[in-house]
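Protein chains get the first letters and strands the later ones, always in sequence-line order, with residue 1 at the start of each.
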Protein chains: 4
Amino acid sequence: MLVQQNVKKNVKGSVRQANHGKIIKAAVTVFANKGYQGATVQEVAEQAGLPKANVLYYFKSKQGIYEAVLSDILSLWNSSFDHATPEDEPAEALSRYIREKLEISRTNPEASKIFAMEMIKGAEQLSDEIKAGMVSWFDARIAIIRQWIKQGKMADVDPTMLMFQIWATTQHYADFSAQITILKDGKALNKRGFQEVGDYLCQSILSSCGLTPEK
Amino acid sequence: MLVQQNVKKNVKGSVRQANHGKIIKAAVTVFANKGYQGATVQEVAEQAGLPKANVLYYFKSKQGIYEAVLSDILSLWNSSFDHATPEDEPAEALSRYIREKLEISRTNPEASKIFAMEMIKGAEQLSDEIKAGMVSWFDARIAIIRQWIKQGKMADVDPTMLMFQIWATTQHYADFSAQITILKDGKALNKRGFQEVGDYLCQSILSSCGLTPEK
Amino acid sequence: MLVQQNVKKNVKGSVRQANHGKIIKAAVTVFANKGYQGATVQEVAEQAGLPKANVLYYFKSKQGIYEAVLSDILSLWNSSFDHATPEDEPAEALSRYIREKLEISRTNPEASKIFAMEMIKGAEQLSDEIKAGMVSWFDARIAIIRQWIKQGKMADVDPTMLMFQIWATTQHYADFSAQITILKDGKALNKRGFQEVGDYLCQSILSSCGLTPEK
Amino acid sequence: MLVQQNVKKNVKGSVRQANHGKIIKAAVTVFANKGYQGATVQEVAEQAGLPKANVLYYFKSKQGIYEAVLSDILSLWNSSFDHATPEDEPAEALSRYIREKLEISRTNPEASKIFAMEMIKGAEQLSDEIKAGMVSWFDARIAIIRQWIKQGKMADVDPTMLMFQIWATTQHYADFSAQITILKDGKALNKRGFQEVGDYLCQSILSSCGLTPEK
DNA sequence: CATGAATGAGACTTCATTCAT
DNA sequence: TATGAATGAAGTCTCATTCAT
């Protein structure tokens, strides 16, 4: 009896988890293509293959779905750079970061787009907790770059501007994919194209930091 | 008598022009902060200090306002780079372009944001006419850069990637101002800050093109 | 001087009269095809080739236009039957009336349609004056028919039902022209078709009144 | 348990069916008195005793309500004449049809009015499906009348004109009830009045077909 | 006289959310 | 737990009418 109940719970639990996942995935697509206001719970539900009321049963409100999506997105953005140390070689750490960021742009453009729109609109729906997390992550990275500079491992560039430069250039290929497609005769960038962009950006950014990009 | 009539006519004309301008200006602000769907005609009207029905008298629909805003934005984006020639010095032409783009980001961040959101959402509301204009402008610039390279005036970099790099890095300071403010302790970038960013970007981008930035 | 002024006035007067006529004609078309609520002053104005404000300058309101249209319609509906007398031969008077009504349906279907819709919706916009005129006209006709019957000139049918029968059958060809067209393979009735309908109706109605239709 | 569930389901089903019916009934009244454009969803909702949004939950749009109403009306118009055969006696079949049509006019004048207005305005909102149904019904009836004529069962009248005559005269008492009331001193026709009209029309129409009306 | 400009009122429709089972 | 049903709130747009010249 107990076992059976556990089994049921587990089954139910899995259903819950599965539905939860389906909804988040659907919501990412819808929010990325329509924006927060343009998205409708109905559309998320259809995309997820669930009744609308069921979606709102898992997440209390549209806002709730959106917050879950934002959280989910951040978890995608872990990179090796999170664990960089002053002892690392900046050339390697930075090129790896650039390539990882590009890879995320390639494989998760929708997440990047949602985050970009949130920022553009003033980040008013971003929780203070998330904001605080961003700040502490950022400050720590800046500190490490400063140490690299102090140690003479790289040129004396403004670490903040360097970070923004990396973000801007790598995310551009996710966020502005529509524009890129328009300007490149309707052809979207493929995996190899991203590889070449990575080469270009590493070359450009590292050389301006007085570093030699390693392929 | 005639004069007075002309004056009257002018007054009428200016009222129309003034209201038209007020509405566009208000709409830019609202669209930038709320997105297309999040914006309401009511809010645009309030921002413009006009009754809602009056706004819809000047522009037939919300979509109409938005299209007028997009048009208006494009006219802001003229730059000296529009008239660059193969005879120009790339160092000067490119640094001026970078600084002009940055200046636009500083003075018209809202326009940049609207355009960015339009692209992120897939550019579905952008007219084919505007798209065609973008393509021809872009192709012509690429051709000039290629000539510079051919003439040995600059290093052999991919012109397309170079352009995207310039756009991404300069527009970032408009589009992601909220993020920048969050990460910089609530302080937005002032004019001097933009100046420094310009120095940094010119230094970084030009050097990776084998050019010496001129201050 | 006076002459000139008169001329001017006349000219102006003609303009007024001409515009007045243009508006009524346009309004008849629009009201017939859209109904009162479905019609817009804008559409009437366009159909008349005048600015909307000009239309409302001639007629104070949409309601005013409509009332003018109703009045105008009634003036179209004069027929020889208005002047029928007990001395007339019913066979001739009735067949002429039937044919005249049919001819109006053929040449002025729009007027018939407007009147029909007004009646269907309950005649709430019909002025008491017009209603009173209708009643007195009707009562007088009924009285004449009764006299014909009394004189043994025709069978003892209910005059009211006879009148309704004539109206219903003749107006049907104007009001339900769309249905007729649908049922007759998309072909509307032409002049000859109306002629045949006239023959049929005269034959049918007169014979049931004990009269011999004269061709 | 099963039974109860069925009951519940039935209850749910009946709620839906009941609301559906309430809305259609309310809509018939409103459309008949105001026309399509004059009718408002709000008014239909009030008439049905439901919130406006609930009405639009059952029917997607005003147009949807209207289409449902038109469909509903057609289902009312079944008559014994639908099943007439060449073997039937025309005198009986036609008089029964006339009386049935009159009875519909008496009991469902609103349906008749809606249909009449739709036709007057050009039948643009009538679905092709419905139109096709009308045509095939009509053609079949015409064919039967032609057979009666061929068999010498009735005079050689034009079947199309005969049908239009029946429709026009019977529907007139529904559609033009306001006019009839005006002309008859404010008194609407009662059941007995309709009976007399039926006698009159049967007498008139059948005799002109060379038939003897049977009471 | 004539008319471009302006606007209050109100219509249709969408949608997030709540209810009831 | 899951979901069809229900609805208040709000948004876009239309339109008759008035204003101002």
TODO: State, with a plain yes or no, whether a side-chain heavy atom of B:M117 is found less than 4.5 Å away from one of A:K121.
DONE: yes
Open item on the list: Please convert DNA chain E into dot-bracket. A pair counts if it is Watson-Crick or G-U wobble with both distances under 3.5 Å; crossing pairs go in [ ] and bases paired with another strand get |.
Closed with: .||||||||||||||||||||
- [ ] Check the distance between E:dT3's C1' and C:L50's CG and give it to me in whole angstrom.
- [x] 11 Å
Open item on the list: Could you work out, with side-chain contact (heavy atoms from CB on, under 4.5 Å) as the rule, every residue matching A:Q125, not counting sequence neighbours?
Closed with: A:Y36, A:Q63, A:Y66, A:E118
- [ ] Only counting residues at least two apart or in another chain, list the ones meeting salt bridge (charged side-chain N to carboxylate O under 4.0 Å, His left out) with C:K22.
- [x] none
TODO: Please state whether the phosphate of F:dT1, meaning OP1 or OP2, lies under 4.0 angstrom from any side-chain nitrogen or oxygen of A:N19.
DONE: no
TODO: Please identify each residue that fulfils side-chain contact (heavy atoms from CB on, under 4.5 Å) with D:A27, with sequence neighbours left out.
DONE: D:F31, D:V44, D:I65, D:V69
- [ ] Can you sort out which residues in residues 29-40 of chain B have a heavy atom within less than 4.0 Å of DNA chain E? Ascending by number, please.
- [x] none
TODO: Mind listing the residues from residues 52-66 of chain B sitting with a heavy atom below 4.0 Å of DNA chain F? Number order is fine.
DONE: B:K52, B:L56, B:S61, B:K62
- [ ] Quickly work out the D:E46 CD to E:dG10 C1' distance and round it to whole Å.
- [x] 13 Å
Task: Length of the line joining D:Q42:CD and E:dT13:P, which is rounded to integer Å - done: 14 Å
Task: Phosphate contact (E:dA5 OP1 or OP2) by B:R16 side-chain N/O below 4.0 Å - done: yes
Open item on the list: How many whole angstroms separate atom NE2 of A:H20 from atom C1' of F:dA2?
Closed with: 17 Å
TODO: May I have all residue pairs that pass salt bridge (Lys or Arg N to Asp or Glu O under 4.0 Å) and include part of residues 49-60 of chain B, sequence neighbours excluded?
DONE: none
Task: Listed partners of D:E43 passing salt bridge (charged side-chain N to carboxylate O under 4.0 Å, His left out), at least two apart - done: D:K34
Open item on the list: A side-chain contact here means heavy atoms from C-beta on lying under 4.5 Å apart; do B:I120 and A:I120 qualify?
Closed with: yes
Open item on the list: Which residues pass the side-chain hydrogen bond (donor to acceptor under 3.5 Å, both in side chains) test with B:Q42, not counting sequence neighbours?
Closed with: B:E46
Task: Pairwise side-chain contact, C:F59 with C:E67, heavy-atom cut-off 4.5 Å (strictly under) - done: no
- [ ] Sequence neighbours left out, what passes side-chain contact (heavy atoms from CB on, under 4.5 Å) with A:K25? Give chain and number order.
- [x] none
Task: Interatomic distance where CD1 belongs to D:I23 and P belongs to F:dT7 [whole Å] - done: 10 Å
Task: Non-neighbouring partners of C:E110 that pass side-chain contact (heavy atoms from CB on, under 4.5 Å), sequence neighbours left out - done: C:V28, C:T29, C:A32, C:N33
